[in-house]
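Since the structure comes first, as structure tokens, the remarks are kept for the end.
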Amino acid sequence: MNYRMIGYVIGWVLNFEAAFMAPACLAAVIYQEAEGISLAVTALAALLCGFLVTRKKPKNLTIYAREGFVTVALCWIVLSAVGAVPFVASGVIPSYIDALFETVSGFTTTGSSILPEVESMPRCLQFWRSFTHWIGGMGVLVFVMAVLPLAGGTNMYMMKAESPGPSVGKLVPRVKRTAVLLYGMYVLLSVLQFLLLVAGRMPVFDAFVTMFGTAGTGGFGIRNDSIAGYSPYLQWVVTIFMILFGVNFNFYYLVFTKKWKSAFTSTEVRVYLIIIVASVAAITCNIAGMFPDVWTSLRHAAFQVGSIITTTGFATTDFDLWPAFSKTLLVLLMFVGACAGSTGGGIKVSRFIILFKTIQKELDIIVHPHNVKKLKMDSRVVEHAVVRSVNVFIASYFLVFAVSVLLISVDNFDFTTNFTAVAATMNNIGPGLAKVGPTQNFGAYSNFSKLVLTFDMLAGRLELFPRGVACGRLAAPLSVSLFFLNGELSVFLFGICNLFRSILHRLREMQPHSLDPFFIGSLYSERDTILCRHRFLRRGQVIEHFNN
């Protein structure tokens with residue numbers, strides 16, 4: 001492990017976090033709020049720590065897969081831990097665990113909150129709370145790679161660890177250029193939405209924080225009724241941009257480079273839009289009698305479907321009062337999520353496409369056992385490594401999901417509340433149903449349950465495996481250090497850490513004949529892959545690669 005390089009990257013993340021707090025400090029000056037002092041002091045402390053760590057560049061700048069995963073996980077933990085300090089220091093959120101929950105919810109673009117009402121919060125902290133969505137939407141390390149030449153081509157491991165979806169690749173040959181393009185498209189869409197919101201006579205401050213929540217598909221609002229108090233025009237603007245930010249950013253790159261055919265024949269984008277249209281139509285028919293006319297029903301249905309499938313979490317109405325069919329459909333959309341390579345959360349549309357294609361392939365093999373059929377998506381063969389990764393991810397996902405529901409059930413809330421609370425946090429949605437519905441909050445949960453849900457938010461944003469690698473490396477020291485703070489939490493974390501470590505160990509110790517060389521390369525560095533192959537061959541075993 002290149003610990004010096006990991007610390008160097010974390011130091012730069014602290015430097016950038018200090019810079020990110022500057023706009024919130026400016027808001028404190030504009031609105032003459034004393035709470036801005038807590039932001040300024042936290043920013044200076046983060047800048048000092050970051051400067052001390054980054055003043056000397058490491059000699060070895062290499063980042064392999066393990067370093068990439070551990071770096072990403074630790075950066076998000078440090079980012080959230082420091083970002084929570086202003087809320088506690090200002091006294092707005094006295095409990096650090098509550099502040100950490102709120103901040104992790106912001107950076108992971110979840111939007112779940114422990115605050116019973118937000119309108120009394122100082123503007124500067126409202127700005128910082130919402131700005132965390134915009135920062136976390138594309139990923140802070142993607143931003144760092146866009147600005148700093150950290151480690152040449154090997155920093156692709158950090159982008160893979162932070163970017164959502166079954167696989168991530170370069171849009172252009174250089175990783176830094178890819179990061180610049182991603183953030184360029186992100187900023188362009190954000191500015192366009194801001195201008196349309198202002199054109200609809202939304203106050204400038206409201207337009208900023210709404211844009212932050214929409215672009216990051218986060219959902220923090222500055223009104224207790226979320227988006228319900230704004231005009232139908234503004235609600236439609238937010239609806240459209242929530243859906244746009246849920247599209248794979250590779251689609252926008254193809255459009256930008258005028259590769260129209262490749263862009264508009266994307267299977268994932270088409271399925272994503274079909275799911276939205278079908279869900280909106282079904283819910284509109286189901287709730288038609290609850291609103292004055294069909295157009296109002298359509299507006300609320302489109303907004304909530306767009307909000308849930310993109311995991312934004314805004315609301316224009318209390319959908320917890322809708323019929324059971326509509327609520328069930330929304331809960332299912334929580335798991336589907338947006339496209340891979342977007343700012344949205346959830347399992348991702350592409351994973352479900354691959355899963356259904358895999359099921360179809362297995363059924364065909366049962367009927368025609370001698371046929372050789374390759375699984376394809378967008379006219380390209382899906383590598384066996386990707387299929388295996390999807391299967392392991394989904395199995396791990398539901399295992400962690402079930403354990404989380406079990407753990408938070410100690411608070412003795414009803415099953416609907418607990419189930420949707422985990423679904424909302426692990427899929428980075430925001431609101432759930434019942435006691436965590438759109439008009440409720442997560443404040444009633446105990447500190448232990450909030451920490452479990454905080455873990456779920458981070459695991460959902462980093463898609464389990466980066467968290468698993470980091471937990472596997474840090475299981476023992478992390479548990480020992482937390483034992484004196486919270487014995488139950490240390491036991492929980494140690495169990496989760498070992499769970500992830502077992503899964504990863506199983507992947508690495510699979511029988512050689514079932515290993516895909518490309519899959520080996522995705523888990524190990526090039527050097528490790530060569531050593532791994534040498535070890536297999538030395539034992540007189542042969543690696544066979546099947547493309548079917």
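Residue indices begin at 1 and follow the sequence shown. Note that the coordinates shown come from a computational prediction; the quantities given were computed from them, not determined experimentally.
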### Query
Are the side chain of Thr312 and the backbone N or O of Ile308 linked by a donor-acceptor pair below 3.5 Å?
no
### Message
In the structure I gave you, are the side-chain heavy atoms of Arg299 and Thr316 within less than 4.5 Å of one another anywhere?
### Response
no
### Query
With no hydrogens and no angle check, is any side-chain donor or acceptor of Ser449 less than 3.5 Å from a backbone partner on Tyr445?
no
### Query
Does a side-chain heavy-atom distance below 4.5 Å link Asp320 with Pro438?
yes
### Query
Parallel, tilted or perpendicular: which fits the ring planes of Phe419 and Phe415, with parallel below 30° and perpendicular above 60°?
tilted
### Task
Check whether any side-chain N or O of Asn418 sits under 3.5 Å from a backbone N or O of Phe413 as a donor-acceptor pair, and report yes or no.
yes
### Query
What class does the angle between the rings of Tyr252 and Phe249 fall in, given that below 30° is parallel, 30 to 60° is tilted and above 60° is perpendicular?
perpendicular
### Task
Not counting sequence neighbours, list each pair that qualifies as a salt bridge (charged side-chain N to carboxylate O under 4.0 Å, His left out) and has a residue in residues 75-98.
Asp98-Lys450
### Query
Is Trp260 close to Leu254 at the side-chain level, that is, under 4.5 Å between some pair of heavy atoms?
no
### Query
How long is the span from the OG atom in Ser279 to the CD1 atom in Ile274, to the nearest 0.5 Å?
11.5 Å
### Query
Is a side-chain N or O of Asp378 found less than 3.5 angstrom from the main chain of Arg380, in a donor-acceptor match?
no
### Query
Is the shortest heavy-atom distance from the side chain of Trp322 to the side chain of Leu330 under 4.5 Å?
yes
Please list, one pair per line, the donor and acceptor atoms closer than 3.5 Å that link side chains of residues 37-45 to other protein atoms, with sequence neighbours excluded.
{"residue": "Ser38", "atom": "OG", "partner": "Glu35", "partner atom": "O", "Å": "2.6"}
{"residue": "Ser38", "atom": "OG", "partner": "Pro86", "partner atom": "O", "Å": "3.4"}
{"residue": "Thr42", "atom": "OG1", "partner": "Ser38", "partner atom": "O", "Å": "2.7"}

#### Entry: Intermediate values then yes/no, side-chain contact (heavy atoms from CB on, under 4.5 Å), Phe241 and Leu196
CA-CA 10 Å; Phe241 275 90; Leu196 289 174; 3.5 Å; yes
### Which atom of Cys75 lies closest to which atom of Val9, heavy atoms considered
SG-CG1, 4.0 Å
### Task
Please identify each residue that fulfils side chain to side chain donor-acceptor pair (under 3.5 Å) with Asn441, with sequence neighbours left out.
none
### Task
Tell me, yes or no, whether the heavy-atom count around Tyr96 atom OH, taken from other residues, nucleotides or ligands under 6.0 Å, exceeds 12.
yes
### Message
So, using salt bridge (charged side-chain N to carboxylate O under 4.0 Å, His left out) as the criterion, who are the partners of Glu17 when residues are at least two apart?
### Response
none
### is_close_aromatic(Tyr186, Trp134), centroid dist under 6.0 Å
yes
### Exam field: side chain Thr110 to backbone Met457, donor-acceptor pair closer than 3.5 Å
no
### Query
Any side-chain heavy atom of Ile347 sitting closer than 4.5 Å to one from Val336?
no
#### Entry: Heavy-atom donor-acceptor pair, Thr425 side chain to Ala421 backbone, under 3.5 Å
yes
### Task
Ignoring hydrogens and angles, tell me if any N or O in the side chain of Lys261 forms a donor-acceptor pair with the backbone of Lys259 under 3.5 Å.
no
### Query
Is a donor on one side and an acceptor on the other found under 3.5 Å between the side chain of Ser404 and the backbone of Val400?
yes
### Task
Could you walk me through whether Thr317 and Gln304 pass the side chain to side chain donor-acceptor pair (under 3.5 Å) test, one step at a time?
CA-CA 8 Å; Thr317 185; Gln304 292 311 147; over 6 Å; no
### Task
Could you give me the CA-CA distance, side-chain angles and deciding distance for Asn428 and Thr109, then say whether side chain to side chain donor-acceptor pair (under 3.5 Å) is met?
CA-CA 6 Å; Asn428 305 134; Thr109 70; 5.2 Å; no
### Query
Is a side-chain N or O of Thr296 found less than 3.5 angstrom from the main chain of Phe291, in a donor-acceptor match?
no
### Message
With a 4.5 Å cut-off on side-chain heavy atoms, are Leu298 and Val280 touching?
### Response
yes
### Task
Look at the rings of Phe442 and Phe101 and say which category their plane angle falls in: under 30° parallel, 30 to 60° tilted, over 60° perpendicular.
tilted
### Message
Can you pull out every salt bridge (charged side-chain N to carboxylate O under 4.0 Å, His left out) where at least one residue sits in residues 102-127? Sequence neighbours excluded, please.
### Response
Glu102-Arg129
### Query
Among side-chain atoms of Tyr253 and Asn248, is any donor-acceptor pair under 3.5 angstrom?
no
### Message
Treating Tyr272 as the side-chain partner and Ile309 as the backbone partner, does any N or O pair qualify as donor plus acceptor under 3.5 Å?
### Response
no
### Task
Please round to the nearest 0.5 Å and tell me the distance separating atom CD of Gln126 and atom CE of Met121.
6.5 Å
### Task
List the steps, then state whether side-chain contact (heavy atoms from CB on, under 4.5 Å) holds for Met242 with Thr217.
CA-CA 7 Å; Met242 284 191 297; Thr217 59; 5.8 Å; no
#### Entry: Within 6.0 Å of CZ in Phe256, more than 12 heavy atoms from elsewhere
no
### Task
Start with the C-alpha distance between Phe335 and Phe401, add both sets of side-chain angles, then the distance that settles ring pair (Phe, Tyr, Trp, His ring centres under 6.0 Å), and finish with yes or no.
CA-CA 11 Å; Phe335 292 95; Phe401 187 95; 5.5 Å; yes
### Summary
Tightest non-hydrogen contact, residues Phe319 and Gly432, listed as CE1-O, 3.8 Å
### Message
Would Asp225 and Tyr230 count as a side chain to side chain donor-acceptor pair (under 3.5 Å) here? Give the steps.
### Response
CA-CA 10 Å; Asp225 62 358; Tyr230 296 109; over 6 Å; no
### Message
Would you say that Leu100 contacts Val104 through its side chain, given a criterion of any heavy-atom pair below 4.5 Å between the two side chains?
### Response
yes
### Query
Can you find a pair of side-chain heavy atoms, one from Ser105 and one from Phe220, that are under 4.5 Å apart?
yes
### Message
Is it the case that the ring center of Phe212 lies less than 6.0 angstrom away from the ring center of His133?
### Response
no
### Query
Residues in side chain to side chain contact (heavy atoms under 4.5 Å, CB included) with Val269, at least two apart?
Val247, Phe251, Ser266, Leu273
